[in-house]
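Throughout, protein chains are lettered first and strands after them, A, B, ... in sequence-line order, and every chain is numbered starting at 1.
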2 protein chains.
Amino acid sequence: MPEKDDFDLQFFLPYLLNQAAEESSLAFQQVYKRRYGMLRTEWRVLFHLGIYGEMTAKQISQRARMHKTKISRAVQKLADRRLLTRVRDDRDRRSEILVLTPAGQGAYRELHQVACDYDAALTSGMSKAEVQTLRRLLVQLARRQI
Amino acid sequence: MPEKDDFDLQFFLPYLLNQAAEESSLAFQQVYKRRYGMLRTEWRVLFHLGIYGEMTAKQISQRARMHKTKISRAVQKLADRRLLTRVRDDRDRRSEILVLTPAGQGAYRELHQVACDYDAALTSGMSKAEVQTLRRLLVQLARRQI
DNA sequence: CCTTGTTAGTTACAAAAACAACTATTACCA
DNA sequence: TGGTAATAGTTGTTTTTGTAACTAACAAGG
């Protein structure tokens with residue numbers, strides 16, 4: 001039997017981050033899944049367009065660090081449900097500009113409100129300073145390339 | 001086009017946590033994937049056995065919050081590669097006790113060392129206090145049920 | 001004992017993700 | 001120009017995951 005040592009899996013950052021990420025997105029997932037039939041990639045695309053305005057799939061892919069095939073399929077589904085429209089870019093006819101329809105904007109606004117409330121609930125047991133530190137360090141981890 | 005507001009997707013905790021989790025496990029993933037041909041579930045099972053000693057699939061499932069089918073498949077693969085053996089529990093012949101083989105213990109020790117170094121590298125840009133706060137809040141998020 | 005219900009683990013099938021190959025367009029440069 | 005390389009996005013195929021149904025073993029009350 002292996003010797004015990006001071007390493008605790010529960011504190012190993014990649015593991016811990018994953019546990020926290022999964023647990024803390026569960027309830028939010030229920031909302032966009034049950035209520036809008038969306039997948040994670042789909043609400044992410046919706047939010048990118050809702051927050052940053054019109055974008056191409058490529059731009060979303062870069063900002064969200066998601067593979068282009070995931071974006072492509074998410075965009076397809078959102079277009080099927082008439083939540084966005086695609087407009088060929090005349091300056092570069094390979095790419096297309098994605099624009100939320102009024103229905104898409106409505107869905108975004110509702111989910112955005114849910115997200116705000118949800119984030120507030122998640123941080124409700126933390127002090128302002130703690131929340132600030134937490135987000136700063138997470139951004140640092142998200143940007144770092146080891 | 002939607003109005004801009006003060007909500008930033010990059011700071012929405014479920015999103016941010018996920019980005020941090022993915023980015024910060026990338027390089028570690030390379031190691032267990034390329035060097036041992038393991039999947040995420042597999043190294044988790046390996047680590048549970050390496051750290052906590054002999055366990056049943058059910059116990060790992062509870063501690064790691066992973067579904068029993070994932071565990072079952074990971075155990076199968078690890079057994080195929082002779083990294084663990086399964087022993088029927090005579091007190092309850094439905095369950096089986098999982099035990100690392102010497103090869104499994106060796107794999108664990110190597111990956112454990114990698115993990116330690118990796119965790120140190122991830123936190124190298126943070127103060128002791130920051131790291132402590134980070135882990136504490138992450139544990140809090142991971143345990144919370146909203 | 002013998003039903004009824006529960007639990008540990010596996011298997012089968014459906015959903016989703018990862019990866020590679022493809023089309024259409026643009027960019028560059030000889 | 002025209003030919004090669006690069007880029008935006010899609011499609012097809014293979015892995016991996018999620019979900020439900022299954023087998024085998026236990027538990028407990030009649």
Please enumerate all residues that pass salt bridge (charged side-chain N to carboxylate O under 4.0 Å, His left out) together with R91(A), with sequence neighbours excluded. D89(A)
Distance check needed: dA21(D) P versus H67(B) NE2, whole Å only. 12 Å
Just to verify, what does Y15(B) make a ring pair (Phe, Tyr, Trp, His ring centres under 6.0 Å) with, not counting sequence neighbours? none
Return each pair, listed once, that meets salt bridge (Lys or Arg N to Asp or Glu O under 4.0 Å) where at least one residue sits in residues 12-22 of chain A; pairs must be two or more places apart or across chains. none
Pairs meeting criterion side-chain hydrogen bond (donor to acceptor under 3.5 Å, both in side chains) with involvement of residues 123-134 of chain A, two or more places apart: E130(A)-R136(B)
Suppose the criterion is salt bridge (Lys or Arg N to Asp or Glu O under 4.0 Å): which pairs have a residue in residues 115-126 of chain A, not counting sequence neighbours? D119(A)-R135(A)
Hydrophobic cluster of I97(A), others only, ordered by chain and residue number, side-chain cut-off 4.5 Å: V87(A), V99(A)
Does any residue of residues 69-77 of chain A have a heavy atom under 4.0 Å from DNA chain C, and if so, which ones, in number order? T69(A), K70(A), R73(A)
State which residues pass salt bridge (charged side-chain N to carboxylate O under 4.0 Å, His left out) with R93(B); sequence neighbours excluded, sorted by chain then number. none
Rounded to the Å, how far apart are L78(B) CG and dG9(C) P? 15 Å
Whole angstroms only, please: what is the CD-C1' distance between Q62(A) and dT7(D)? 11 Å
How many Å lie between CD on E96(B) and P on dA24(D), as a whole number? 14 Å
When the distance from CD of E42(B) to P of dT15(D) is rounded to whole Å, what number comes out? 14 Å
Taking NZ from K58(A) and P from dA6(D), how many angstroms apart are they, rounded to a whole number? 14 Å
Using a strict 4.0 Å threshold on nitrogen-to-oxygen distance, state whether E110(A) and R35(A) make a salt bridge. yes
Measure from CE on M66(A) to P on dG9(D) and round the result to the nearest Å. 13 Å
Interface with DNA chain D, restricted to residues 30-40 of chain A and to heavy atoms under 4.0 Å: none
Residue set satisfying salt bridge (charged side-chain N to carboxylate O under 4.0 Å, His left out) with R86(B), at least two apart, ordered chain then number -> E96(B)
Report the hydrophobic cluster partners of L39(A), with the cluster defined as I, L, V, M, F, W, Y residues connected by side-chain heavy atoms closer than 4.5 angstrom, directly or transitively. none
Kindly say if K68(A) contacts the phosphate of dA8(D), meaning a side-chain N or O under 4.0 Å from OP1 or OP2. no
Q29(B) CD to dA18(C) C1': how many Å, rounded? 11 Å
Tightest non-hydrogen contact, residues L17(A) and S24(B), listed as CD1-OG, 3.1 Å
Using a heavy-atom cut-off of under 4.0 Å over every strand shown, decide if R88(A) touches base, sugar-phosphate, or nothing. nothing
Can you tabulate the close N/O pairs, meaning under 3.5 Å, that link protein atoms to atoms of nucleotides 24-26 of chain C?
from    : atom 1 : to     : atom 2 : distance (Å)
dT25(C) : O2     : R94(A) : NH1    : 3.3
dT26(C) : OP1    : R93(A) : N      : 2.9

